[in-house]
Undergrad: 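Here it is, the structure, as structure tokens.
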Amino acid sequence: MVDYNFNKIEKKWQKSWETKKIFEVGEKSKKKKYYVLDMFPYPSGAGLHMGHAFVFSLGDIFARFKRLQGYNVLYPIGYDSLGLPAENAAIKAGTHPKEYTEKSIANFMKQQKAMGWSYDWSRMVKTSDSEFYKWDQWIFLQMLKRGIAYRKKAPVNWCSKCESVLANEQVINGCCWRHEDTNVEIKHLEQWFFKITNYAEELLNGLDKVDWPENAKKLQRNWIGKSFGAEIEFSINNKPWKIFTTRPDTIFGVTFMVVSAQHPKLMELVTDKQKKEVEKFLKKIKSVSMKSMKDVENLDKEGVFTGSYAVNPMNNEKVPVYAGNFVLADYGSGMVMAVPAHDQRDFEFAKKYKIPVKWVVKSKVAEYTVIEKSLPKDKIAKLKDYGGISIIKEDKDWGKFYKVSVNLNNEGKFIKFLESNLLKTSDEGGAWYADSFTTTRAVVFPNKHFILNNVNDIQDYIKYGLKLGIPRNQLEVELQAFIDYGILTNSQGFNDLESSEAKEHIVKALEFKKLGKKTIQYKLRDWLISRQRYWGTPIPVVYCDKCKENVEKNSTELSFYDQESFENLKNGLKTVETRALNPEEKNRFFGNTIKGKYIKCVNKVNGEILFFEVVNVKIFKKLADFYKEKDLLNKTFSKEINSLSDLEDCYKFIEDYLDRINKNGLISWEIKRIIPGIVLISESQLPVKLPDKVKFGEGNPLTTNKEFVNISCPKCGSSAKRETDTMDTFVNSSWYYLRYTDPKNSRKIFDEKKVFYWTPIDQYIGGPEHITMHLIYIRFYAKFLKDLGLVKFDEPALRYFTQGIVHGSDGDRMSKSKGNVVEPLDTIEKFGADTLRLALVSFASPDSNTNWDEKTVLGSHKFLNKVFEHFSNIKYLKSSKADPRIESKINKLVKEVTVDIENFKHNLAVIKLRTFFDFMQDKNIDKENAKKFIVLLSVYCPFISEELWEKIGGKGFVSLADWPKFDDKKIDLKLEKQEESFEKTISDVLNILRIIKEKNGKDGDKVYLYVLPNELDIYNEENLSRRINKKVKVFVVNDKNKYDPGGKSNKAKPGRPGVFVE
RNA sequence: GCGGGAGUGCCAGAGUGGUCAAAUGGGUCACGUUAAGGCCGUGAUGGCUUAGUGCCUGCGAAGGUUCAAAUCCUUUCUCCCGCACCA
């Protein structure tokens, strides 16, 4: 027996690949590029876990596959080495995060190499490397200049003992993770945000262009959460207040308003009389928000009357305004119109505070619950004449409870039917309960006639039901809001319209009154990137009080009454304003500001203030000069004004304006959004490095480091303080794939040519947990960088594959506390990396969750043992030409395996490889075809394949060989069929032998086969004898000299020979 | 509550209209090999039946569409995952 020394083999090839650098790639290849990317790991001290082993193996298999197919494959790796866990682990271990991280990375690399993953190691990046995060800072500055990065107040978790902000996962049961007795407070602090919502629509549309799993796309769409609705103005104390609703069709049902308790302008609504009440309420809420998340989830809808009334723009009704804890301050406008009849939350609120409920949408069907006992038996069947019927439940006293959905047209008839057929068991007569106002649901009681129209009726209903002995849980008494679409009622001129139609009409009516408009809302929020932590990318800005003073003193104030222009400025859509040099036109936007001065833009509508710095002011005598300078001459523009260039182009269409320019020339401002007092570190000063010497345990280690914090302002030179927040680590992973294309560039973020050549990612592989976070961010970054002109693609990852999770053998997530963790390294030591790789893809389809199974590992190992042994003793056929069966099989194998790998169906591909190997073992094949098998195997088990490749005399490395081609013509289905017949015959014979033995207690000795003349070549005596392990003699049926004492030759059918055993 | 996904033989897990009693691996059993065990090899593994056959039951449950359903539709139950008061 030959010893499969996987240990020696794997070390040998690992070294060989590394010294020959066979996986390093460049841009100067004639091959087509292909970019395969694994999500880079966070290097934890624990080393690789099974999930890593799995997902990276999937990536490696795909990269190897594409490489063999002849692509120039970029398959890089790096480390997402900044982050909270490293900091925490380091604190725990008493080391510096840097040291901890470096150690972890070294450990990772060793293990990754042992797994045989074919990375181009020359392109490795680490996000903790200042040469990497330098470019994070650079992008940040670009975002800041364009208004994509901004600051605003946001609630954070604050531990007073740590004097630090905590991440959500550091809050345990409402307390600090390190101070279990300290309640975490919610503080509102100034935080940095990225304006990802600017790209909401693009992010949504881009999903149509990518080849991702449908569920991943759905998840993202849901996350972005686009909804159409209306913005409606309610007048409160003669001031307009906008609200957003998706149900304008229910506007006639508004009976109160609720403003978020966190609304910044809440107090404006509170009357003096109610002030105390409201303040009391706010205090109460605050204490609740400090409890655990679970309590918040089960929070009751609570509120307090503000004392103000709002006027409904449709019917001019006055409704009270409440402050409530269930309204989100940062979604929509922080205030809702409450329609208790048609919204469950509003309904509960109304019930609690006894606010009237007004029903304005009728269901299209009425639902009745009919109790079997209440109707004569023969009438029950009749129920279905009135609509759909189904059984809800069965009760031993009351019989079945039927749900009857009655079409509204039929309702009258149905009620008559009920009335005339109810059992009359008492003087009160038969009974039925018609519906509540909401669900039009009814229960038919045996003895009483019941119609419920309001909340009070319910009490009677329950009492009666209980009196009858119906268990309380079977009394469907809880009134609920009717939230479905239906037919409008109680809605003045809009009655009898269908909800969706009514929506349109009502919005139009509001638009006509200028009190509302159709709008779009997104659930997506801006991305909070501030982390009050050490081990992250420092945010490259400085706070300078002097500069702040300077800006405020030297700025020209401009007032905006036009919301849209203001929003455009705010969103950074417009960075240049031009205007003709016309003295009549005063201060249209920027006025007579000059370079180095500042503009303070005040939104008179909502009081918001923005600051801009004038970067450049130029005067052009002719419009043509301006175009030339801006390089706009040969551009074509859309007429929609979305950007600066559109705006400039737009002026061409205004003849009058053009005329004025021709007379007077044109002035152009280049402006930059600034936040007073915030000074950018200049690009040449990057990176802002993390200081090495820091103290942990006393708040943010950066804040306590005086050398880091204190700095002279880069702009004015006076003493200033650095920003001590660091960036969320998702920032690093949002563009790392671009850096791989040019990882060592110190001049630029990356070389355009290199990026254009390699990107976008052709195949991205990662876990399902990243769909809503990382994969949104990476797409957002791509879109921003495209706007900068740094990349050319819309979507960073064309194809995405989500792998499943490898669970422990007990089906639970692998975790130390459960003791079901299997370390990849242990398995490699015991069985080799090839075995582990093979086993990982054999468990199940890679996109479903799988359970670790030691048996599968053993099975895989057995297989590789067999393969190794077989190739050690193999005798090759000279050529396959003599046997078309081999040709047929190998071509079919190549064809199917290629498709399977392309679709990540590795479990199926492996089965096919194994089946083919069984065939190979049974029947020697020629060298060329054996080579093909090795190439196919090499994507899964590269080490053993290299060894076998060398043995068989293959050229170079199997890792760089050619993926075999297949020829459809050589796949011979007839041969396959014949083989099936052969197998079936063997099975038949064995079956007969078994039965004989069971019956007679002795074995048959000799087997005679009677085959049809044209099938003789299928049945080779030698092969048959070997498989059956008995002497087999084959006769043709019409052979006159055949030995056939049983007359079995008569039984021969096509594909199924006669059999005789003696 | 909303959204997504899944339920297949002893187990894991393929299969998404006929070629399906259902791939493959594991387990179990039998036989071979062996002094024996292991390894290895061969076969069996829903029920009944039979010298290689035939029939029945069957892919969570109940209905339905179809000449034909594990596969399509409806209802329902169970489990897993994600999001959580999104107006």
Side-chain angles (χ1 to χ4, degrees), chain A residues 1 213-216 218-219 221-223 225 227 229-230 243-248 250 257-258 260 293 296-301 324-328 330-339 342-346 348-349 388 390-392 483 521-525 768-769 771-772 804-805 807 809 811 839 842-845 847-860 862-863 865-866 869 905 907-908 910-912 914-915 921 980 984-1000 1003-1004 1009 1026-1029 1046 1048 1051 1053 1056-1061:
Chain A
M1 193 166 148
E214 254 339 286
N215 62 343
K218 262 184 198 156
L219 215 60
R221 284 199 186 101
N222 208 264
W223 189 263
S227 59
I243 60 100
F244 173 74
T245 178
T246 53
R247 290 296 300 273
T250 62
M257 308 285 286
V258 188
S260 168
M293 279 310 282
V296 176
E297 279 161 28
N298 301 329
L299 200 70
D300 269 345
K301 278 130 199 77
N325 64 348
F326 65 100
V327 174
L328 299 175
D330 55 352
Y331 181 78
S333 52
M335 188 192 278
V336 297
M337 62 178 217
V339 186
H342 306 290
D343 182 285
Q344 191 56 32
R345 287 156 307 173
D346 297 348
E348 282 173 37
F349 193 88
S390 60
I391 298 168
I392 320 171
I483 56 171
Q521 275 288 322
Y522 300 95
K523 274 199 254 180
L524 187 72
R525 304 296 160 76
E769 70 275 20
I771 291 169
T772 42
I805 299 164
H807 289 155
S809 49
S842 300
F843 287 129
S845 177
D847 53 359
S848 53
N849 293 347
T850 50
N851 295 348
W852 179 259
D853 185 358
E854 186 77 15
K855 308 263 172 54
T856 309
V857 181
L858 285 171
S860 302
K862 261 195 304 200
F863 172 70
N865 261 316
K866 274 196 275 184
E869 191 172 335
K905 297 267 180 192
N907 53 333
L908 302 183
V910 169
I911 289 168
K912 282 161 194 164
R914 281 173 168 240
T915 313
Q921 239 185 343
E980 243 169 68
K984 203 145 201 182
T985 303
I986 286 180
S987 157
D988 281 351
V989 173
L990 290 169
N991 206 0
I992 294 168
L993 285 167
R994 202 194 71 238
I995 292 167
I996 289 178
K997 198 177 175 190
E998 274 166 16
K999 276 202 164 163
N1000 309 340
D1003 267 334
L1009 240 57
R1026 191 157 41 81
R1027 290 289 298 280
I1028 295 166
N1029 221 355
K1048 297 289 183 190
K1051 282 209 160 186
K1053 281 180 242 164
R1056 194 154 259 202
V1059 180
F1060 178 70
V1061 178

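Protein chains get the first letters and strands the later ones, always in sequence-line order, with residue 1 at the start of each. In this text, all values refer to a predicted model and were calculated from it rather than measured experimentally. Below, each value reflects all heavy atoms present in this structure, side chains not excepted, and no hydrogens, waters or symmetry copies.
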Undergrad: Between rG82(B) and rG15(B), how far apart are the P atoms? Round to whole Å, please.
TA: 25 Å
Undergrad: At under 4.0 Å between heavy atoms, what does V327(A) touch on the DNA or RNA strands: base, sugar-phosphate, or nothing?
TA: base
Undergrad: Between rC40(B), rU24(B), rG25(B), spot the one nearest the side chain of R914(A), thanks.
TA: rG25(B)
Undergrad: Look through every strand shown and name the nucleotide pairing with rC67(B) as Watson-Crick or G-U wobble, where both distances are under 3.5 Å.
TA: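 Check on rC67(B): paired to rG18(B), both distances under 3.5 Å.
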Undergrad: Just compare rC86(B), rG43(B), rC40(B) and give me whichever is closest to any side-chain atom of L990(A).
TA: rG43(B)
Undergrad: Figure out the CG/C1' separation between L908(A) and rU24(B), and round it to whole Å.
TA: 9 Å
Undergrad: What distance do K912(A) atom NZ and K905(A) atom NZ have between them, rounded to the nearest 0.5 Å?
TA: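 That separation rounds to 10.0 Å.
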Undergrad: Between rC85(B) atom P and K523(A) atom NZ, what is the distance in whole Å?
TA: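 Those two atoms, NZ and P, are 10 Å apart.
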Undergrad: Is the backbone N or O of V327(A) less than 3.5 Å from a side-chain atom of S260(A), with the two atoms forming a donor-acceptor pair by type?
TA: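 Looks like yes, one N/O pair under 3.5 Å.
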Undergrad: Rounded to whole angstrom, note down the P distance from rU50(B) over to rA14(B).
TA: 38 Å
Undergrad: To the nearest 0.5 Å, what is the distance between CZ (F349(A)) and CG (N325(A))?
TA: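 Interatomic distance, F349(A) CZ to N325(A) CG, rounded to 0.5 Å: 7.5 Å.
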Undergrad: Going by purine N1 to pyrimidine N3 plus the second Watson-Crick contact, or the G-U wobble pair, all under 3.5 Å, which nucleotide sits opposite rG43(B)?
TA: rC29(B)
Undergrad: Using a 4.0 Å heavy-atom cut-off, does T856(A) contact any base of the nucleic acid, only the sugar-phosphate backbone, or nothing at all?
TA: nothing
Undergrad: Give one of base, sugar-phosphate or nothing for Y522(A), where a contact means two heavy atoms less than 4.0 Å apart.
TA: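 Since no nucleic acid heavy atom lies under 4.0 Å of Y522(A), the category is nothing.
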Undergrad: Say you pick atom P in rA68(B) and the same atom in rU57(B); how far apart are they, in whole Å?
TA: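 Comparing P positions in rA68(B) and rU57(B) gives a spacing of 15 Å.
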Undergrad: Could you check if a side-chain atom of K523(A) sits within less than 4.5 angstrom of a side-chain atom of N222(A), using non-hydrogen atoms only?
TA: yes
Undergrad: Just the rounded figure in Å: distance from C1' of rU24(B) to NZ of K912(A).
TA: 11 Å
Undergrad: Nearest of rG4(B), rA51(B), rC86(B) to any side-chain atom of K218(A)?
TA: rG4(B)
Undergrad: Please figure out whether L524(A) or I911(A) has its closest RNA chain B nucleotide nearer the 5' end.
TA: I911(A)
Undergrad: When the distance from NZ of K984(A) to P of rG43(B) is rounded to whole Å, what number comes out?
TA: 16 Å
Undergrad: Please name the nucleotide paired to rU24(B) by Watson-Crick or G-U wobble geometry with both distances under 3.5 Å, or report none.
TA: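 Partner of rU24(B): rA12(B).
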Undergrad: So P248(A) and M337(A), do their side chains get closer than 4.5 Å, heavy atoms only?
TA: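 The answer is no, as the side chains (C-beta and beyond) never meet within the 4.5 Å cut-off.
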Undergrad: If I take atom CG in residue L219(A) and atom P in nucleotide rG4(B), what distance separates them, rounded to the nearest angstrom?
TA: 10 Å
Undergrad: What contact category does V989(A) fall into here, base, sugar-phosphate, or nothing, at under 4.0 angstrom with non-hydrogen atoms?
TA: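 Here V989(A) touches no strand at all.
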Undergrad: If you measure from the C1' atom in rA21(B) to the same atom in rA70(B), how many Å do you get, rounded?
TA: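 12 Å, rounded to whole Å.
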Undergrad: Between rA23(B) and rG18(B), how far apart are the two P atoms, rounded to whole Å?
TA: 16 Å
Undergrad: Reckon G1058(A) touches a base, only the sugar-phosphate, or nothing at all at heavy-atom distances under 4.0 Å?
TA: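 Result for G1058(A) = base.
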Undergrad: For rG3(B), what is the paired nucleotide under Watson-Crick or G-U wobble rules, both distances under 3.5 Å?
TA: rC81(B)
Undergrad: Separation of N991(A) atom CG from rU42(B) atom C1', in whole Å?
TA: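 Computing the N991(A):CG to rU42(B):C1' distance gives 15 Å.
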Undergrad: Could you give the NZ-to-C1' distance, from K905(A) to rG15(B), as a whole number of Å?
TA: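 Those two atoms, NZ and C1', are 10 Å apart.
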Undergrad: Taking atom P in both rU24(B) and rG43(B), compute the distance separating them and give it to the nearest angstrom.
TA: 11 Å
Undergrad: With heavy atoms under 4.0 Å as the rule, sort P213(A) into base, sugar-phosphate or nothing.
TA: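 P213(A): no heavy atom of the nucleic acid under 4.0 Å.
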Undergrad: If you check every side-chain atom of F1060(A), which of rG15(B), rA51(B), rA87(B) has the closest atom?
TA: rA51(B)
Undergrad: Considering only the C1' atoms, how many Å lie between rG3(B) and rU8(B), rounded to the nearest integer?
TA: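 That atom pair is separated by 26 Å.
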Undergrad: Run R247(A) and V339(A) through side-chain contact (heavy atoms from CB on, under 4.5 Å) and show every step you take.
TA: CA-CA 9 Å; R247(A) 290 296 300 273; V339(A) 186; over 6 Å; no
Undergrad: Let me confirm one number: the CG-OG1 distance from L990(A) to T985(A), rounded to the nearest 0.5 Å.
TA: 10.5 Å
Undergrad: Using the C1' atom on both, measure rG26(B) against rU19(B) and round to a whole Å.
TA: 27 Å
Undergrad: State the pairing partner of rU74(B); accept Watson-Crick or G-U wobble contacts with both distances under 3.5 Å, and report none otherwise.
TA: rA62(B)
Undergrad: Just the rounded figure in Å: distance from C1' of rC86(B) to CG of D346(A).
TA: 13 Å
Undergrad: Atom OG1 of T246(A) and atom CG of D343(A): how far apart are they, to the nearest 0.5 Å?
TA: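 Rounded to the nearest 0.5 Å, the OG1-CG separation comes to 8.5 Å.
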Undergrad: Indicate, with a heavy-atom threshold strictly under 4.0 Å, whether K866(A) touches base, sugar-phosphate, or nothing.
TA: sugar-phosphate
Undergrad: Is the shortest side-chain N/O distance from K862(A) to OP1 or OP2 of rG26(B) below 4.0 Å?
TA: yes
Undergrad: Between N907(A) and R247(A), which residue's closest nucleotide on RNA chain B lies nearer the 5′ terminus?
TA: N907(A)
